[in-house]
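A short write-up of the structure that comes next.
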Amino acid sequence: MSMSKLLSPPPTSPPGPALSRLPCRRVAPPPVLPFPFPLRRLTSRRVFATSCSSSDSEHAPSASSTALAGAGDDLSAGVTQEREGALPFVQLSSGIVLRTEEQSLLGDHAPAPAPASAASSFALLDELNGGCREDDHLGETPAYPAAMNALYAACLAGNATEQLWNFTWPAAVAVLHPASILPVAVLGFFTKLVVFAAGPLVGELISSLPRIPAYRSLAAIQTAAHLVSVATITYAFAVHRAAAASLLLRPWFAVLVASTAVDRLACVALGIIAERDFVVQLAGAGRPVALAKANATLSRVDLLCETVGASIFALLLSKNNPLTCIKLSCVISLCALPLLIFLCGEMNRLADGIFDHSENTTSHAEKTSSFSIRKTVEEAVATVRNGWSEYMRQPVLPASLAYVFVCFNVALAPGALMTTFLIHQGVSPSVIGAFGGSSGPVGILATFATARLVKELGILKAGAAGLIAQSALLGAAVVVYLTGAVSRRAGALFAFLGLIVASRAGHMAYSAIGLQVVQTGNPASKAKLIGATEIAVASLAELAMMAVAVVASDASHFGALAALSATAVTAAAGMYCRWLANPSDELRRIFPS
């Protein structure tokens with residue numbers, strides 16, 4: 001053996017694990033929990049936002065695959081801290097993996113992936129040693145940022161007109177019979193009944209339709225329903241104003257009920273398309289941080305629209321009568337329709353036409369060709385039965401039922417009944433607008449505070465804290481109302497309304513946390529079905545309260561409705577806390593902490 005060979009140092013292996021031992025599959029990123037808020041309040045604007053672009057995935061998201069992300073800069077910081085304290089993860093981001101993700105988003109029209117080079121293999125070792133900064137940046141950026149901005153603009157235009165409409169039509173109907181809440185209660189009852197009956201079918205129907213044409217058609221249908229409602233209410237103001245009981249028997253009131261129900265169904269369908277399909281596809285597969293930021297932004301857009309809608313309503317009502325206000329609201333809806341249609345097409349164009357390649361379009365054509373009434377009815381019944389079965393078998397059912405109990409609160413919340421009550425009390429339009437508009441900023445502040453709450457208490461205990469806070473504040477509001485000082489003193493009225501507004505923080509906190517608990521405990525492939533069924537169950541809760549409002553038609557019985565609403569929220573808090581006090585093995589498996 002030569003002297004040079006004896007003196008040469010032995011070969012050293014590169015740092016990190018040997019290349020042959022590296023796993024072939026890409027390990028999922030460390031836990032990041034999207035912060036999905038109820039964006040577009042369907043019943044209470046609650047939705048299931050899946051953490052991947054494919055809604056048909058059969059893999060259930062575990063608790064370790066998601067965690068609650070905060071808002072703004074705290075989101076990225078929380079993710080970094082969580083990754084530093086968690087178990088070591090090997091996160092590979094070779095060119096093959098990245099191109100595979102892009103191809104899954106673009107569909108069959110994506111270019112074929114290029115073969116991996118030797119340089120990419122050494123890049124894997126560098127990433128193991130130097131961290132995942134490049135992949136972290138990729139996960140925080142949506143797959144189609146420009147298209148996501150177009151979606152934000154579309155939601156801003158659509159939600160603003162919807163919130164304004166939700167304030168103007170109860171005010172107009174309430175003026176028809178100032179001493180009774182019966183017309184508003186009946187309209188709300190039949191609206192919730194239709195959503196309850198058709199809720200499980202809506203998700204199935206829109207999944208079988210092309211996305212862009214369906215969204216545009218539903219926006220046009222909703223605007224047409226507004227036109228019919230305005231024409232009907234205008235006719236009601238022109239004819240003789242009869243008693244409230246006889247009003248319900250008039251033909252025009254039946255038309256108003258039908259148009260209001262169509263409006264709500266269109267709203268439910270638009271919310272499902274935008275919040276469970278568009279935002280997930282535009283965020284991209286394997287980008288949970290981007291999805292979390294998109295959900296938080298859409299939530300703030302909705303809350304901002306709630307504030308703007310209430311403010312515009314207060315401005316209009318201070319200078320015009322309720323009939324003029326509802327006419328102007330309809331004009332705004334008509335002006336927003338072309339903008340919605342344009343933004344929808346622009347979003348699809350900026351996303352390289354990914355919504356043109358709907359995998360369900362062909363199946364929809366096949367279903368249409370073999371259409372039969374009997375088969376359609378059988379499929380509808382089977383869908384409803386399957387939805388209820390999956391809903392009742394979910395491992396986190398108490399968390400969902402607690403949300404349903406919260407939905408019993410239809411009196412102590414900004415809505416049709418509260419607007420009608422305040423008008424009957426002779427409250428000025430500025431106070432009504434301030435009450436409705438202040439709920440939005442409180443909700444936005446709650447989105448920031450909830451992330452801190454989860455970090456301090458954990459996700460399950462944070463949900464309990466939100467429910468307890470809401471029940472305590474609503475209980476105090478009921479006590480203030482039952483003293484009888486609300487109708488006599490302005491200070492008592494402001495305290496009553498202020499407690500209700502403050503309770504919205506607890507409501508928003510549990511809406512976000514409870515949604516994440518339910519999402520984590522259910523497979524992603526069942527998210528739409530269970531979510532649509534939950535909407536139907538929540539509508540059933542609101543339906544029951546509207547039935548009580550129909551019975552207690554006089555405005556003097558509002559106190560009983562308020563007490564029932566506060567009791568329902570207290571029952572939700574008790575049920576949820578009992579569930580946490582006696583955790584099952586399944587709950588410990590899903591939430592190990």
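This one's a predicted model, so the numbers in the text were calculated from it and none came from an experiment.
Expressed to the nearest 0.5 Å, how far CG of Asn149 lies from CG of Leu343 amounts to 11.0 Å. Here the OG atom belonging to Ser259 is positioned 13.5 Å from the CD1 atom belonging to Ile221, to the nearest 0.5 angstrom. One finds the SG atom of Cys344 at 10.0 Å from the CG atom of Leu218 (value rounded to the nearest 0.5 Å). We find the CD1-OG1 distance between Ile332 and Thr168 to be 9.0 Å, quoted to the nearest 0.5 Å. Annotation: the span from Met546 atom CE to Leu543 atom CG amounts to 9.0 Å, rounded to 0.5 Å. Atom OG of residue Ser311 and atom CZ of residue Phe167 lie 9.0 Å apart, to the nearest 0.5 angstrom.
For CZ of Phe190, the number of neighbouring non-hydrogen atoms (other residues, nucleotides, ligands) closer than 6.0 Å is 12 at most.
Shown here for Leu350 and Ala150, the closest heavy-atom pair between the two residues is CD1-CB, 4.5 Å. When all heavy atoms of Gly158 and Leu340 are compared, the pair lying nearest together is N-CD2, 3.8 Å. Scanning all heavy atoms of the two residues, the minimum distance from Leu397 to Met392 falls at CD2-O, 3.6 Å. Across Leu270 and Ala219, no two heavy atoms sit closer than the pair CD2-N, 4.1 Å. Taking both residues in full, the closest heavy atoms of Leu303 and Ile444 are given as CD1-N, 3.4 Å, listed atom of the first, atom of the second, then distance. For the pair Ala160 and Cys305, the tightest heavy-atom approach, listed with the atom from each and the gap, is N-SG, 3.5 Å.
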*Is there a side-chain contact (heavy atoms from CB on, under 4.5 Å) between Val194 and Arg264 once you walk through the steps?*
CA-CA 9 Å; Val194 171; Arg264 292 310 302 166; over 6 Å; no
_Thr450 vs Met508, side-chain contact (heavy atoms from CB on, under 4.5 Å): CA-CA, chis, key distance, verdict_ = CA-CA 9 Å; Thr450 303; Met508 290 298 299; over 6 Å; no
*Can you check side-chain contact (heavy atoms from CB on, under 4.5 Å) on Ser229 and His226, steps first, answer last?*
CA-CA 5 Å; Ser229 298; His226 290 177; 5.7 Å; no
*For Tyr510 and Gln470, run side-chain contact (heavy atoms from CB on, under 4.5 Å): C-alpha distance rounded to whole Å, both residues' side-chain angles, the deciding distance at 0.1 Å, then the answer.*
CA-CA 9 Å; Tyr510 183 73; Gln470 184 183 9; 5.5 Å; no
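Under a 3.5 Å cut-off, the side chain of Tyr576 and the backbone N or O of Leu460 do form a donor-acceptor pair. Under a 3.5 Å cut-off, the side chain of Arg504 and the backbone N or O of Gly443 do not form any donor-acceptor pair.
The shortest distance between side-chain heavy atoms of Tyr403 and Val518 does not fall below 4.5 Å. Between Leu227 and Leu334 the shortest side-chain heavy-atom distance falls below 4.5 Å. Between Leu282 and Pro142, the closest side-chain pair of non-hydrogen atoms is not below 4.5 Å. Side-chain atoms of Arg211 and Asp277, non-hydrogen and from C-beta on, do get closer than 4.5 Å to each other. Counting only heavy atoms from C-beta outward, the side chains of Gln163 and Val308 never approach each other to under 4.5 Å. Taking the side chain as every heavy atom from C-beta outward, Tyr144 and Ile354 approach each other to under 4.5 Å. Looking at Val279 and Met148, their side chains come closer than 4.5 Å, going by heavy atoms from C-beta outward.
Thr191 and Thr260 share no donor-acceptor pair across their side chains, judged by distance under 3.5 Å alone.
For residues 328-348, the set of pairs meeting the ring pair (Phe, Tyr, Trp, His ring centres under 6.0 Å) definition, not counting sequence neighbours, is empty.
Results of the side-chain contact (heavy atoms from CB on, under 4.5 Å) test with Cys407 over Glu542, Met545, Lys192, Glu534 single out Glu542 as the only residue that passes.
Ring pair Tyr215/Phe355: centre-to-centre distance not below 6.0 Å.
Legend: residues meeting ring pair (Phe, Tyr, Trp, His ring centres under 6.0 Å) with Phe405, ordered by chain and number and at least two apart, are Phe408.
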